Amino acid sequence: MKPMRRAVMPVVSAVVAAAAVTAVAPSAQADAQACTYRPSQLPVPGGTTAGAVTAVAGGGISAGQIELPGSGDSQTHAALWTGDTVTDLGTVPGADVALGVNDVNSAGVAVGYGWELTGSSDGFPIGENHPFRSRDGKLEQLPVPAGAFNVVARAVTANGDVYGDGFGDDINHRTVYYWPADKPGTVTTPAGFPVGSRVEGVDTDGTVAVTAVSDIKGTTRAYLWKGGVATALAMPAGATNSTISAISNGTVVGDGRTADFDRFAVVWGKDGQATKLPDAFGTSDVNSSGLILGTSAGARATTLWQGTSTVATLSDDAKVYTVGDDATLGGSNLTSSAPTLRLPTLWRCS
């Protein structure tokens, strides 16, 4: 097999604003040691005006979006980083107006969506999402069933299986779609998912976490699906709605909402029981060691919890979207050379 060639782009150099944060080292070990989270800007292609890391995998692999000059307005490209090497993955063919990267695996396969402009109404643009995966240094649209629309690829497993969701025969509720890695060019509709399921993540054992929106009122419920069977997670105490943000190694994080729509953060343990995360407004990710990424209830600051204990709070300059299994954080950070410029950044605990 020929090795995959990747274009190495000229890079923009900027100094990330220093925002080191001392924390307890996220670890499964009982006697964790103190460490410091330090931001490190990733290289970007020349001309990049903004960007962010939105997915982190093992082996120094991360992915996200970058803004580059286009015809008229700037254009969003997908980007893949392998260590200190950046690959501009470009845009989605036929859906290049906007783009989002939702996940990446340790083999460097990124998945997400591209947006196609299809028209306008009262001066506002109308468009449709199309799912993509990366292959050989560029993006390709994934197939969808006949009649399906607004489909988004949301998660990719270690072996390259892709899960996502969109609208099909039931135009009022989302349907889950599955693209098997061993059958390229095919898509299936797995059975057993609750009506209105949105994919929130896939665990290493094949468990798919979904948030189901079941009725016109927008009622939400958190479920886990495996082998064709969906199981509802326990409703958090005091909540009438529940949503999932992420799943890893059996730990699920998400949010609960009261009848008055007050929001609070929740962690479901491997026993399926729901625990309110103290001093937390919401969650966004969790890694295999149980390190939770979210926002605090008071200052809405980016915060890390190990279990239910706060271990770090980052500065306001940090916009963090994901946490890797090695506790690396991915997002964007301001630069000291251009105070309004946000560029792709990793924070490592050392």
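The figures here come from the full heavy-atom set of this structure, side chains too, leaving out hydrogens, waters and symmetry mates. Keep in mind that what you see is a predicted model, and the values were worked out from it rather than measured.
- No donor-acceptor pair under 3.5 Å is formed between the side chain of Asp203 and the backbone N or O of Gly206.
- The cationic group of Arg154 does not satisfy the cation-pi geometry with Tyr163, failing either the under 6.0 Å distance to the six-membered ring centre or the 45° limit from the ring axis.
- Within the 4.5 Å cutoff, no side-chain heavy atoms of Ile247 are placed close to those of Val202.
- In this structure, the side chain of Arg198 does not engage the main chain of Val213 through any donor-acceptor pair within 3.5 Å.
- With 3.5 Å as the limit, one finds no donor-acceptor pair spanning the side chains of Thr243 and Thr211.
- Distance check: Ile292 CD1 to Ser284 OG gives 10.0 Å after rounding to the nearest 0.5 Å.
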- Message: Between Leu142 and Val162, is the side chain to side chain contact (heavy atoms under 4.5 Å, CB included) condition met? List the steps.
- Response: CA-CA 10 Å; Leu142 289 166; Val162 180; 4.1 Å; yes
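- Heavy atoms only, all atoms of each residue included: Trp347 and Ala318 are closest at CZ2-CB, 3.5 Å.
- Side-chain atoms of Val86 and Leu42, non-hydrogen and from C-beta on, never get closer than 4.5 Å to each other.
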Tabulate below the donor-acceptor pairs under 3.5 Å that side-chain atoms of residues 232-241 make, not counting sequence neighbours, or state none.
| unit_1 | atom_1 | unit_2 | atom_2 | d |
| --- | --- | --- | --- | --- |
| Thr240 | OG1 | Arg257 | O | 3.4 |
| Asn241 | OD1 | Thr220 | N | 2.8 |

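- Between the side chains of Glu116 and His130, at least one donor N or O sits under 3.5 Å from an acceptor N or O.
- When all heavy atoms are compared, the tightest approach of Gly51 to Ser332 is O-CB, 3.3 Å.
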Which donor-acceptor pairs under 3.5 Å do the side chains of residues 178-192 make with protein atoms, sequence neighbours left out?
| unit_1 | atom_1 | unit_2 | atom_2 | d |
| --- | --- | --- | --- | --- |
| Tyr178 | OH | Asp161 | OD2 | 3.2 |
| Trp179 | NE1 | Pro143 | O | 2.6 |
| Thr186 | OG1 | Lys183 | O | 2.6 |

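- No path of Ile, Leu, Val, Met, Phe, Trp and Tyr side chains, each step under 4.5 Å between heavy atoms, connects Ile244 with Val286, placing them in separate hydrophobic clusters.
- In this structure, the side chains of Phe132 and Gln141 stay at 4.5 Å or more apart for every pair of heavy atoms.
- Judged purely by atom type and a 3.5 angstrom limit, Ser245 uses its side chain to pair as donor or acceptor with the backbone of Thr283.
- Of all non-hydrogen atoms in Ala57 and Ser106, the two that sit nearest each other are CB-N, 3.7 Å.
- Separation of atoms CG (Asp317) and CZ (Arg342) is listed at 6.5 Å; rounding is to 0.5 Å.
- In this structure, Thr49 and Leu68 have side chains that are not in contact, with every pair of non-hydrogen atoms separated by 4.5 Å or more.
- Enclosure of atom CD1 in Ile126 by more than 12 non-hydrogen atoms of other residues, nucleotides or ligands within 6.0 angstrom is indicated.
- Between Ile66 and Pro45 the shortest side-chain heavy-atom distance falls below 4.5 Å.
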- Please test Val199 against Val208 for side chain to side chain contact (heavy atoms under 4.5 Å, CB included), starting from the C-alpha separation and ending with a verdict. CA-CA 7 Å; Val199 174; Val208 181; 4.1 Å; yes
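- Judged purely by atom type and a 3.5 angstrom limit, Asn287 has no side-chain atom pairing as donor or acceptor with the backbone of Val323.
- The CG atom of Leu224 sits 7.0 Å away from the OG1 atom of Thr231 when rounded to the nearest 0.5 Å.
- Here the side chains of Ser40 and Arg348 are in contact, with some heavy-atom distance below 4.5 Å.
- For the pair Asn105 (side chain) and Thr157 (backbone), a donor-acceptor distance under 3.5 Å is present.
- Atom CD1 of residue Ile216 and atom NE2 of residue His173 lie 8.5 Å apart, to the nearest 0.5 angstrom.
- Cation-pi geometry between Arg263 and Phe281 is satisfied (NZ or CZ under 6.0 Å from the ring centre, within 45° of the ring normal).
- Inter-residue side-chain proximity for Val152 and Asn150 is flagged as unmet; no heavy-atom pair is nearer than 4.5 Å.
- In this structure, OG1 in Thr76 is found 3.5 Å from CD in Glu67, a value given to the nearest 0.5 Å.
- If you check the side chains of Asp260 and Thr258, you find no donor sitting under 3.5 Å from an acceptor.
- By the neighbour-count criterion of 12 heavy atoms within 6.0 Å, atom CG of Asp215 is densely surrounded, having more than that number from other residues, nucleotides or ligands.
- Ion pairing between a basic and an acidic side chain is recognised when a charged N comes within 4.0 Å of a carboxylate O; Lys138 and Glu140 show no such pairing.
- Looking only at atom types and distance, the side chain of Asp279 has no donor-acceptor partner in the side chain of Ser296 under 3.5 Å away.
- Only one option out of Asn249, Asp325, Thr204, Asp326 pairs with Ser288 in a side-chain hydrogen bond (donor to acceptor under 3.5 Å, both in side chains); it is Asp325.
- Arg174 has a carboxylate O that lies under 4.0 Å from a charged side-chain N of Asp165, or vice versa, which qualifies the two as a salt bridge.
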Counting only pairs under 3.5 Å, give me each side-chain donor-acceptor contact of residues 95-104, with atom names and distances, residues two or more places apart or in other chains.
| unit_1 | atom_1 | unit_2 | atom_2 | d |
| --- | --- | --- | --- | --- |
| Asn102 | ND2 | Ala153 | O | 2.9 |
| Asp103 | OD2 | Val156 | N | 2.9 |

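- Between the CG atom in Leu329 and the OH atom in Tyr321 there is a gap of 13.0 Å [rounded to 0.5 Å].
- Within the 6.0 Å centre-distance limit, the rings of Trp225 and Phe193 are counted as a close aromatic pair.
- Side-chain contact between Leu291 and Trp305 is absent, with no heavy-atom pair separated by less than 4.5 Å.
- Annotation for Asp169: atom CG does not count as buried by contact number, only 12 or fewer foreign heavy atoms lying within 6.0 Å.
- When every heavy atom of Val144 is checked against every heavy atom of Pro131, the shortest pair comes out as CG1-CG, 3.8 Å.
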